[in-house]
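Below is one structure, written out as structure tokens; comments come after it.
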Amino acid sequence: MSSVRIFTLYERFWHWSQAVLIFGLLLTGFEIHGTYGLLGYNTAFSIHIVLAWALIVLWAFTIFWHVVTGEWRQYVPTHRGMLAVMMYYAYGIFSGEAKPYTQTPASKHNPLQRMAYFSFKAAIAPALWISGLLLLFYAAWRGTALEGLLPFATVAYVHVAAAFGLLVFIIGHVYMAGTTGDPWYAYLKSMFTGKKEGRSDSH
Amino acid sequence: MSRPLVCSFLLGIMLTLLMAPVLAQEPGQSPAADTLDAPTMLLESTADHRKFEQLSGPFESGPDVTRACLECHTEAALQVHRSIHWTWEYDQPETGQKLGKRFALNNLCLGIAGSEERCSSCHTGYDFDGADFDFTAEEKVDCLVCHDTTGTYVKFPVGGGHPPAEDRVFRGTLFKAPDLAEVAQNVGKTSRETCGSCHFEGGGGDAVKHGDLDSTLLSPAHSVDVHMSPDGLDFSCSTCHEFSGHIQEGSRYHVTAKAEGGISVPGRESERPSCESCHGTEPHDTRIHDKLNQHVERIACQTCHVPEIARGGMPTKISWDWSTAGERDEDGRPIVRKDQQGNVIYDGMKGSFGWDEDYPPLYRWFDGNMRYTLLGDRIDPGQPVEVNFPEGSPDDPRARIWPFKVMEGRQPYDTQFETLLLAHLFGRDDNAFWRGYDWDKAITSGMAEARRAGQTDATYSGSFDFVDTRMYWPVNHMVAPKEQALSCESCHSTDGRLADLPGPYIPGRDRHPWIEPIGWTAVILTLLGVLGHGGVRYWLHRRRYH
């Protein structure tokens with residue numbers, strides 16, 4: 001059994017710290033939204049802001065890392081092979097067919113993953129960031145021309161809508177990446193160890 | 001005696017002598033205090049009024065005292081003549097309305113026309129008993145009602161603003177005649193007792209009118225009022241309501257709803273009694289985010305820091321229904337009914353009342369301009385008439401969210417002209433409602449008096465009924481310790497205190513009508529999708545290997 005390094009140490013650090021921050025942000029965010037009362041609004045709000053800043057710092061480093069290493073190419077969407085992957089998850093996975101895609105360090109994500117991660121990185125996350133920063137710094141643009149174009153409520157709606165998008169993404173991601181490997185936990189394990197076990201190479 | 005013993009004996013004596021002056025002192029007392037055996041009054045004033053020949057008395061009446069005061073304080077009466085405490089008239093500069101007690105209506109005692117002799121027990125003057133009162137008479141100014149320090153000066157409730165000349169009883173309460181010379185010789189600064197003698201008693205009794213002003217402020221616990229508590233800052237009213245030339249700062253007709261001048265320093269216009277004049281416009285710690293200070297822009301300090309109305313332990317009147325007034329016993333005396341707490345809930349003279357204490361205010365946008373429905377203003381009797389209402393909207397950058405005590409009323413209106421009416425309540429003839437108990441006569445007389453006094457040109461058609469009314473009293477006093485201020489959830493929740501307030505998006509309160517259902521549907525469908533997908537996989541897996 002050979003093993004190939006798929007995820008570098010930095011990628012794994014980034015992935016898991018981002019995961020912790022995002023879960024914290026979702027938990028506190030929906031409390032601020034009034035969905036439930038857990039920590040109290042004041043505490044939830046303060047934690048939300050601290051986590052948001054931590055995530056922004058993490059992302060700043062990570063964007064730099066992606067640019068420098070060229071790893072950003074991993075997230076460029078492609079339609080090639082998409083149909084096969086979709087067919088696999090719709091049918092093949094039940095009948096025990098082989099996966100139509102093989103992970104390599106140069107191409108870590110299947111086309112479906114590429115599309116999902118791309119939409120997270122290019123749409124959901126920026127929407128949350130930009131709207132979140134506008135909400136946080138509302139005092140700076142209150143009463144300016146910007147508010148005429150972009151009411152405070154609209155910014156808040158974008159933030160909430162994007163949070164729902166994030167929640168949907170996470171449910172799908174946890175299921176797909178957490179249980180559909182071979183064996184079922186293989187992807188999850190590789191995100192800890194960074195390595196892909198040789199067995200899946202045989203597929 | 002051995003030498004060591006002698007030495008320690010001498011040392012002991014020396015130590016005792018050295019410490020004697022220190023030991024002789026009471027703890028906490030400074031040496032200088034011993035030398036000041038003069039009355040503390042001398043610390044505050046350069047004049048001892050007991051030494052003035054003019055004040056030796058005896059005095060026959062209040063105006064006699066005033067004449068004596070004016071011998072030295074030559075301009076005092078003229079200053080008071082410019083004060084709303086005297087004129088009961090106020091030209092609201094922004095709405096253009098003529099307000100003040102002689103012009104505005106309310107839904108408590110309706111209005112003063114015809115009843116001046118009763119109402120003027122809270123006038124800073126003597127003999128204001130009708131439209132003919134001379135507002136330029138200097139000796140008619142009542143100096144003592146504000147400057148008494150003895151606590152014995154009192155105006156008789158139905159005495160045209162005069163103190164009782166001899167001990168008299170009014171509705172079961174004894175009013176002792178003050179020794180005017182004694183009072184005059186002990187004049188001093190205004191106090192919460194002097195201000196409170198009228199302002200705590202507004203609406204006909206202690207705590208009735210305002211909900212944030214009552215006699216509990218004479219010595220409130222720190223938890224009731226951090227500024228006025230002896231355990232707190234021990235402020236009197238005039239600490240914030242500064243007076244200059246007998247004119248005070250602060251008006252509920254024209255409120256500084258958003259004080260932006262910052263902390264008041266000499267050379268800058270003072271916005272006292274605004275909170276910001278002492279606390280500035282960024283009173284909170286910045287912490288991680290500066291959101292609390294950003295609230296200052298749109299939310300009055302009082303909104304969070306006066307969390308409830310009537311916090312001192314005395315209930316305030318929240319409703320007054322005049323339409324039920326008139327019940328009397330077989331001797332013709334008005335019937336009075338009380339609830340279990342002893343609050344008067346029915347008075348044959350006045351109608352039915354509701355009371356409440358320690359309850360949340362109503363919140364409204366307020367730009368500082370209180371607009372009134374005046375005599376002659378057309379009303380819609382189909383819905384509660386707002387006798388006054390706070391102007392301002394969320395779109396107005398000058399407006400902030402303010403707390404209000406809402407007073408519900410039911411009072412006479414003209415069914416033909418559709419205008420509010422006032423009634424002659426107190427008086428010496430049968431036109432007065434409290435004598436004749438005839439609304440038609442009382443309204444006819446009251447409206448005639450209002451015209452005579454220049455309050456209105458409106459007339460009474462002769463047909464009246466009662467209409468539901470509402471008033472908004474801004475809540476300002478009884479500032480709670482910061483630990484008792486409202487929590488974020490008080491407003492940032494779907495059923496919070498601002499649930500019905502129009503205006504900007506409030507996180508935790510507001511929802512987009514589509515995002516919410518679509519968002520949760522997507523979340524649930526995704527969840528069901530992965531559970532179904534995973535469930536089928538698991539089931540197939542088990543079937544395959546078992």
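In what follows, chains are A, B, ... by sequence order, proteins preceding strands, each numbered from 1.
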Engaged part of B:R543 at the chain A interface, taking heavy atoms whose separation is under 4.5 Å: neither
If the contact rule is any heavy atom under 4.5 Å from chain B, which residues of residues 109-127 of chain A qualify, in numerical order? none
Using non-hydrogen atoms only, which part of A:Y41 is less than 4.5 Å away from chain B: side chain, backbone, both, or neither? both
Can you tell me how the ring of B:H512 sits relative to the ring of A:Y157, calling it parallel under 30°, perpendicular over 60° and tilted otherwise? perpendicular
Contacts with chain B made by residues 46-54 of chain A (heavy-atom distance under 4.5 Å), listed by residue number: A:S46, A:I49, A:V50
Heavy-atom distances under 4.5 Å only: say whether A:T154 touches chain B with side chain, backbone, both or neither. neither
Side chain, backbone, both or neither of B:W520 within contact of chain A (heavy atoms, under 4.5 Å): both
So what's closer than 4.5 Å to chain A heavy atoms on B:H533: side chain, backbone, both or neither? both
Applying a strict 4.5 Å limit to non-hydrogen atoms, the region of B:N293 in contact with chain A is neither
Using the rule given for side-chain contact (heavy atoms from CB on, under 4.5 Å), can you reason through B:H541 versus A:W184, listing the C-alpha separation, both sets of side-chain angles and the distance that settles it, and then say yes or no? CA-CA 11 Å; B:H541 174 82; A:W184 64 270; over 6 Å; no
Check whether B:R509 reaches the backbone of A:G34 with its side chain - one donor and one acceptor, N or O, closer than 3.5 Å. no
Does anything in residues 163-172 of chain A get under 4.5 Å of chain B by heavy atoms, and if so which residues? A:F164, A:L167, A:V168, A:I171, A:G172
Filtered by a 4.5 Å non-hydrogen cutoff, the part of residues 360-371 of chain B contacting chain A is none
